[in-house]
Amino acid sequence: RILTPEWHTNQHENIIEYTKTWWQTRKAQYGWEKIAIFTAYSYENEDYFVCRTYKDILSEVFWEENILIGDIYDMNIIDDEYITFQWQKIDALLSYFPLEFFLTDVDFATKFFRLIADKKCYLTNPLESMISQDKLIFAVVWEHIESYSIEEQEIIKKHIPYTARIFQEDSKKYLAKWRFGRYGREIYTEQFYTNID
């Protein structure tokens with residue numbers, strides 16, 4: 001009900017047309033020519049399939065050779081001025097990678113976000129859209145819940161499941177996931193544990 005406009009039968013009804021129109025508008029507005037779709041662990045079938053599908057849609061907007069699919073770990077920043085992939089300067093990027101990537105290199109993250117803020121490159125999906133993509137952020141939000149306004153705290157408590165990076169034993173049911181666990185690997189429910197420090 002929230003995601004689907006009243007005049008649509010489902011939330012994906014016009015997603016391909018909407019996506020193409022969105023990119024065509026920005027391409028004309030900003031002069032984008034070369035874009036990158038970044039994932040992490042790009043050899044994972046699910047992620048690569050999503051990126052490939054997105055490229056197929058955008059091939060009607062950009063030259064196909066100007067749509068690059070790659071692993072976020074192969075992205076480079078040159079002279080603090082350009083974001084590149086395979087040594088090609090990119091105008092805009094679509095992120096399809098976990099936020100904790102930025103925890104692996106704070107200096108790189110600082111440069112990256114400075115370039116985005118200075119519009120040297122465009123991050124086409126806003127950062128807030130990545131929050132629900134990475135449940136580790138849930139824990140960070142809960143750890144700092146007191147820094148939010150009362151209204152924001154109520155929204156967090158209503159919509160974000162309580163999450164902690166370090167398990168504290170109590171009566172709650174829980175799921176344990178290592179920071180880089182993916183696709184069912186390194187993810188455990190309480191039935192796997194009898195004792196946790």
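What you see is a predicted model; the values in this text were computed from it and never measured. Numbers here are sequence positions counted from 1.
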Requested in this report: Quick one: pull up CG in L123 and CG in L93 and give me the separation to the nearest 0.5 Å.
Outcome: 5.5 Å

Requested in this report: Answer yes or no: are there more than 12 heavy-atom neighbours, outside E151 itself, under 6.0 Å from its atom CD?
Outcome: no

Query raised in the report: If you round to the nearest 0.5 Å, how far is NZ of K157 from CD1 of I145?
Result: 5.0 Å

**Report entry** More than 12 heavy atoms of other groups within 6.0 Å of E33 CD
**Finding:** no

Query raised in the report: What's the spacing between S59 OG and Y54 OH if we round to 0.5 Å?
Result: 12.5 Å

Query raised in the report: Any side-chain heavy atom of L68 within less than 4.5 Å of one from I35?
Result: no

Query raised in the report: Does the pair K111/D107 count as a salt bridge with the N-to-O cut at 4.0 Å?
Result: yes

Query raised in the report: At what distance, to the nearest 0.5 angstrom, does CD of E64 lie from CG of L58?
Result: 11.0 Å

Report task. Indicate, with yes or no, if the rings of Y162 and F138 have centres closer together than 6.0 Å. Result -> no

Query raised in the report: Quick one: does K34's side chain get under 4.5 Å of K89's, heavy atoms only?
Result: no

**Report entry** Donor-acceptor contact present, side-chain T163 to main-chain P161, <3.5 Å
**Finding:** yes

Query raised in the report: Does the N125 side chain pair with the main chain of L94, one donor and one acceptor, at a distance under 3.5 Å?
Result: no

Requested in this report: Using side-chain contact (heavy atoms from CB on, under 4.5 Å) as the criterion, point out the one residue from D56, I69, I67 that pairs with C51.
Outcome: I69

Report task. Could you state whether V140 and I155 fall into the same hydrophobic cluster, counting links through intermediate Ile, Leu, Val, Met, Phe, Trp or Tyr residues with side-chain heavy atoms under 4.5 angstrom apart? Result -> no

Requested in this report: Any chance you could measure Q86, atom CD, to N76, atom CG, to the nearest 0.5 Å?
Outcome: 10.5 Å

Query - Hphob cluster co-occupancy, Y82 + F113, side-chain heavy atoms under 4.5 angstrom - result: no

Query - Candidate list Y73, F85, F112, test ring-ring contact (aromatic ring centres under 6.0 Å, His included), partner F38, passing option - result: F85

Report summary line: Residues D80 and L115: closest non-hydrogen pair is O-CD2, 3.3 Å

**Report entry** Contact check, side chains of Y122 and I116, non-hydrogen atoms, under 4.5 Å
**Finding:** no

Query raised in the report: Taking all atoms of both residues into account, what is the closest heavy-atom pair of Q153 and Y148, and its distance?
Result: NE2-O, 3.0 Å

**Report entry** Minimum side-chain heavy-atom gap T124-R26 below 4.5 Å
**Finding:** no

Query raised in the report: After noting the C-alpha distance and the side-chain angles of C121 and I90, does the key distance pass the side chain to side chain contact (heavy atoms under 4.5 Å, CB included) rule?
Result: CA-CA 7 Å; C121 186; I90 56 176; 4.2 Å; yes

Query raised in the report: Any sub-3.5 Å donor-acceptor pair from W142's side-chain atoms to I156's backbone N or O?
Result: no

Query raised in the report: Are K20 and I57 close enough that some pair of their side-chain heavy atoms sits under 4.5 Å apart?
Result: yes

Report task. Answer yes or no: is there a side-chain heavy-atom contact under 4.5 Å between I72 and T39? Result -> no

Query raised in the report: Are the side chains of M75 and I83 in touch, meaning some heavy atoms are under 4.5 Å apart?
Result: yes

Query raised in the report: Where is the tightest heavy-atom contact between T19 and I15, given as atom of each residue plus distance?
Result: OG1-O, 2.6 Å

Query - D71 side chain vs D74 backbone, donor-acceptor pair below 3.5 Å - result: no

Requested in this report: Show your reasoning for whether side-chain hydrogen bond (donor to acceptor under 3.5 Å, both in side chains) applies to W23 and Y18.
Outcome: CA-CA 9 Å; W23 283 87; Y18 171 79; over 6 Å; no

Requested in this report: State plainly whether the residues E60 and K55 are in salt-bridge range, i.e. N to O under 4.0 Å.
Outcome: no

